[in-house]
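To start, the structure under review is shown below, and the notes come after it.
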Amino acid sequence: MIRELSELGKKLREKNASEKIVHDALKDEPISIDLIIKKDGSFYKFETIEKILRPAEAITAKKGKARLLLDKAEEVIGYLGNEKRSKQGKNEEKIRDTVKKKHELFLAKLNDYKHVDVIKPVFEFYNSNKQNGVEKALLAFEEQVNEKERAGNIAFRIINDDCRIHEKKEVYDAIIAKYEQQQKNTLKNQLAKCSICGKNDYPIEDVPHGMIKRVPDGQTSGCALVSYNDTAYESYNLTGNLNSQICTACARAYVEGANWLLSNGTMIAIKDKIGKEKEIYKYTNRKNFGTDTAIVFWTRENKEVPELDLFDKPDPQAVANLIQSISKGDAKKSKVISHDKFYSMTLSGAAARIAVRDWIEMSLYDLQMAIATWFEDIRIEAWGESYYPSLFQLASCAQNEKSDNTTTSRIAAHLWKASIKGSAPPLWILSALLKRVRIMENLENERKKESITPDRAALIRLILNRNSKGGMIKKSK
């Protein structure tokens with residue numbers, strides 16, 4: 001699983017290489033504020049911008065570290081925000097000390113690159129022209145930057161220069177040179193090969209691999225997929241992430257791959273219930289099941305799989321075309337499909353970690369066959385025509401209450417697996433569904449609703465077909 005995520009991350013990086021500088025020492029970071037200074041280091045003004053991503057120094061974990069020339073206001077100018085000021089009192093000294101240490105880390109990192117000429121104005125900003133530089137900027141920060149925007153990253157820019165200082169070639173070259181030297185020093189005493197790529201081109205270090213964001217029920221700052229925080233999980237005298245035997249290149253690649261899967265998508269226009277048009281964000285490689293479960297999927301060649309859209313909004317004609325294509329063997333004739341592979345991962349957040357609840361790997365042809373069989377198994381004749389409920393409609397029709405999101409997400413995850421692998425859903429789903437039907441039948445007359453809806457009939461048909469020996473799919477073990 002991690003190998004395939006790593007391969008995806010490396011392919012994404014290769015794809016971006018023609019558009020911008022790409023290196024393991026660099027990583028795209030958001031910028032929300034420009035700190036504009038003059039060539040003598042004196043402060044000119046702050047300028048808020050629409051958040052953009054630009055390559056900057058890559059750091060594996062933010063705690064106890066600072067990034068070169070790009071960071072938060074605490075690090076860059078030693079700013080103590082309103083939120084922290086309101087928490088002062090009992091721990092005032094501790095809070096001020098924390099902000100001071102962050103600022104000192106930023107200055108220490110800057111000092112490591114004092115030999116780079118283009119950074120000289122920044123040194124003047126903090127040292128020889130301190131009064132007109134950092135001290136003046138600190139006083140102007142709250143006046144020139146709205147409170148909602150103060151938490152963004154700040155980048156340095158010289159007045160009348162379109163290129164930010166940290167984006168200049170000399171700075172990138174210096175970051176890369178320092179990184180590669182550190183890698184060489186680490187590799188001198190290392191013989192172990194990476195468990196993912198099988199090479200020893202990059203070191204294996206006891207450092208966090210990076211945080212994966214937008215995981216449901218996970219921390220907003222991100223969750224770790226690989227993490228060792230207790231000696232009980234360690235062996236062979238290895239400490240922390242050395243136990244994973246994943247090199248720095250593969251670690252960064254799998255984190256980038258997972259972050260892309262969880263966030264990739266586009267804005268699309270839809271109409272709400274009253275016909276008003278609005279824009280929503282549609283994920284391309286992700287499906288959300290409830291509030292605590294997400295499924296990400298991709299192919300080895302990173303091709304789109306339009307058949308998966310049928311799970312969300314089944315179109316009878318498109319379903320019929322797919323079933324006909326499979327029955328004729330048209331899909332198997334495709335050279336692309338015969339060589340490509342499909343991957344699916346079911347994720348949930350568990351505090352600062354990711355819980356991987358399922359992993360599926362299969363050929364695209366087998367995937368198409370499974371989807372075609374799925375729709376044959378859930379087909380119901382309703383209103384004089386073939387009816388195919390969406391996967392989420394099937395999952396939600398068995399929940400006890402409308403607010404029972406946990407049950408819905410669990411059922412949806414099982415149905416996703418059944419639809420992709422052609423397996424039988426667990427029988428407890430049928431029990432939950434029948435319980436719901438009995439509740440509906442026992443409601444008072446004025447509240448009574450149809451107990452066996454087309455969605456429930458389709459789910460019952462699916463479960464009985466696949467759990468019986470005479471069904472289209474053999475009974476799962």
Side-chain angles (χ1 to χ4, degrees), residues 287-295 297 307-320 322-323 326 344 346 357-358 360 367-443 447-477:
K287 291 185 184 296
N288 292 325
F289 292 155
T291 57
D292 66 345
T293 306
I295 289 174
F297 51 88
E307 292 83 3
L308 294 176
D309 291 335
L310 295 174
F311 286 136
D312 300 325
K313 195 174 181 180
D315 176 65
Q317 187 57 52
V319 171
L322 172 62
I323 294 172
I326 293 297
S344 167
T346 305
R357 291 167 44 196
D358 198 16
I360 298 173
L367 172 68
Q368 285 191 329
M369 282 192 63
I371 295 175
T373 304
W374 165 265
F375 284 110
E376 288 179 334
D377 281 358
I378 66 170
R379 182 177 58 83
I380 289 291
E381 290 297 323
W383 306 291
E385 59 182 6
S386 294
Y387 170 69
Y388 304 96
S390 70
L391 192 146
F392 193 78
Q393 284 175 311
L394 289 175
S396 59
C397 73
Q399 67 181 15
N400 290 327
E401 300 291 342
K402 288 185 178 180
S403 60
D404 187 14
N405 291 321
T406 302
T407 301
T408 303
S409 63
R410 295 292 177 271
I411 294 174
H414 281 292
L415 293 181
W416 171 266
K417 182 177 181 179
S419 66
I420 298 300
K421 297 189 74 173
S423 58
L427 287 172
W428 68 261
I429 296 178
L430 180 60
S431 299
L433 174 58
L434 294 177
K435 181 180 178 182
R436 185 60 185 160
V437 169
R438 284 196 295 271
I439 292 172
M440 298 299 294
E441 288 179 342
N442 292 330
L443 287 175
R447 296 176 55 209
K448 194 167 185 178
K449 297 179 181 178
E450 185 182 0
S451 57
I452 301 295
T453 62
D455 294 347
R456 291 187 179 120
L459 184 55
I460 292 171
R461 182 174 188 266
L462 170 74
I463 296 173
L464 291 179
N465 274 348
R466 293 200 174 184
N467 278 280
S468 65
K469 292 182 180 179
M472 298 180 69
I473 304 294
K474 290 183 179 180
K475 186 176 181 180
S476 61
K477 297 180 180 179

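All values below were derived from every heavy atom in this structure, side-chain atoms included, with hydrogens, water molecules and symmetry-related copies excluded.
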Can you give me the closest heavy-atom contact between [X] and [Y], atom names plus distance?
| X | Y | answer |
| --- | --- | --- |
| Lys287 | Asp312 | NZ-OD2, 2.6 Å |
| Arg466 | Trp374 | NH2-CA, 3.4 Å |
| Gly290 | Phe392 | N-CE1, 4.3 Å |
| Glu307 | Ile371 | CB-CD1, 3.7 Å |
| Pro389 | Asp455 | CB-OD1, 3.3 Å |
| Ala418 | Pro425 | CB-CG, 4.1 Å |

How long is the gap from [atom1] on [X] to [atom2] on [Y], to the nearest 0.5 Å?
| X | Y | atom1 | atom2 | answer |
| --- | --- | --- | --- | --- |
| Thr407 | Ile429 | OG1 | CD1 | 10.5 Å |
| Leu459 | Asp377 | CG | CG | 11.5 Å |
| Asp309 | Asp315 | CG | CG | 11.5 Å |
| Glu376 | Ile323 | CD | CD1 | 4.5 Å |
| Ser468 | Ile463 | OG | CD1 | 12.0 Å |
| Leu391 | Phe289 | CG | CZ | 5.0 Å |

Any non-hydrogen side-chain atom of [X] less than 4.5 Å from a side-chain atom of [Y]?
| X | Y | result |
| --- | --- | --- |
| Phe311 | Leu415 | no |
| Ile420 | Leu367 | yes |
| Leu462 | Ile380 | no |

> Which residues pass the side chain to side chain contact (heavy atoms under 4.5 Å, CB included) test with Thr346, sequence neighbours left out?
Replying inline: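 Residues passing side chain to side chain contact (heavy atoms under 4.5 Å, CB included) with Thr346: Thr293, Ile295, Arg357, Asp358, Ala413.
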>> How about NZ on Lys417, more than 12 heavy atoms from neighbouring residues, nucleotides or ligands closer than 6.0 Å, or not?
In response: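 It does not: Lys417 NZ has 12 such atoms or fewer within range.
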> Which class fits the ring pair His414 and Trp428: parallel under 30°, tilted 30 to 60°, perpendicular over 60°?
Replying inline: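 Perpendicular: the ring planes of His414 and Trp428 meet at over 60°.
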> Where the side chain of Arg456 meets the backbone of Leu433, is there a donor-acceptor pair that is under 3.5 Å apart?
Replying inline: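 No, the answer is negative, given that no donor and acceptor are paired below the 3.5 Å cut-off.
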>> Can you list everything that forms a salt bridge (charged side-chain N to carboxylate O under 4.0 Å, His left out) with Glu381? Sequence neighbours excluded, please.
In response: Arg379
> Are Gln393 and Tyr388 close enough, and set up right, to give a side-chain contact (heavy atoms from CB on, under 4.5 Å), and what steps lead you there?
Replying inline: CA-CA 10 Å; Gln393 284 175 311; Tyr388 304 96; over 6 Å; no
